[in-house]
Amino acid sequence: MIQVGDVFRKAGPCDWARIVRVQLPDHAGYDGGLPGCSIKVTGISGRYERRTWFFPAADEADFRAKMASQCRYQDKPATTGE
């Protein structure tokens, strides 16, 4: 199950994606609107940018497929911090 704090990474220090909000059906954060996940990405410095991006997805499998299409793969389970 996708959780806040999960990281989908690419090779190298930039363009990693960290989940900051999960808005998918069957998740606590779902408000009935457009399903998807809000993410932050790392810049060239390797630090997460302040801006968040929303990736619309029908369900977890669709979100994982969108991340895989951008060569991002889940790194490890969710952790606290930042």
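Closest of all the heavy-atom pairs between L24 and G36 is CD2-N, 3.5 Å. Residue P25 comes nearest to A58 through the heavy atom pair CD-O, 4.0 Å, listed as atom of the first residue, atom of the second, then distance. The heavy-atom pair separating A17 from M67 by the smallest distance is CB-SD, 4.3 Å.
For residues 2-31, the ring-ring contact (aromatic ring centres under 6.0 Å, His included) pairs, not counting sequence neighbours, are F8-F63.
Judged as a side chain to side chain contact (heavy atoms under 4.5 Å, CB included), and not counting sequence neighbours, the contacts of D59 are A61, D62. With sequence neighbours excluded, the residues that form a side chain to side chain contact (heavy atoms under 4.5 Å, CB included) with S38 are V20, R21, Q23, F54. Residues satisfying the side-chain hydrogen bond (donor to acceptor under 3.5 Å, both in side chains) test with R9, not counting sequence neighbours, are none. Remark: K66 engages no residue in a salt bridge (Lys or Arg N to Asp or Glu O under 4.0 Å) (not counting sequence neighbours).
A donor-acceptor pair under 3.5 Å is absent between the side-chain atoms of Q74 and the main chain of V7, judged by distance alone. The closest donor-acceptor contact from the side chain of T42 to the backbone of P13 lies under 3.5 Å.
Grouping Ile, Leu, Val, Met, Phe, Trp and Tyr residues whose side-chain heavy atoms lie under 4.5 Å apart, directly or via other members, leaves M1 alone, with no other cluster members.
Once rounded to the nearest 0.5 Å, the distance linking CG of D26 with CD of E60 reads 8.5 Å. Taken from CZ in R72 to CD1 in I39, the straight-line distance is 5.0 Å, to the nearest 0.5 Å. Expressed to the nearest 0.5 Å, how far CG of D6 lies from CZ of R18 amounts to 11.0 Å.
More than 12 heavy atoms of other shown residues, nucleotides or ligands fall within 6.0 angstrom of atom CG in L34. Atom CG of D31 is surrounded by more than 12 heavy atoms from other residues, nucleotides or ligands within 6.0 Å.
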Exercise for the section: Let me see the working for K10 and Y73 under side-chain contact (heavy atoms from CB on, under 4.5 Å), right down to the final yes or no. Expected result: CA-CA 7 Å; K10 284 185 170 184; Y73 298 95; over 6 Å; no
Exercise for the section: Determine, stepwise, if the pair V41 / W53 fulfils side-chain contact (heavy atoms from CB on, under 4.5 Å). Expected result: CA-CA 8 Å; V41 296; W53 298 94; 4.2 Å; yes
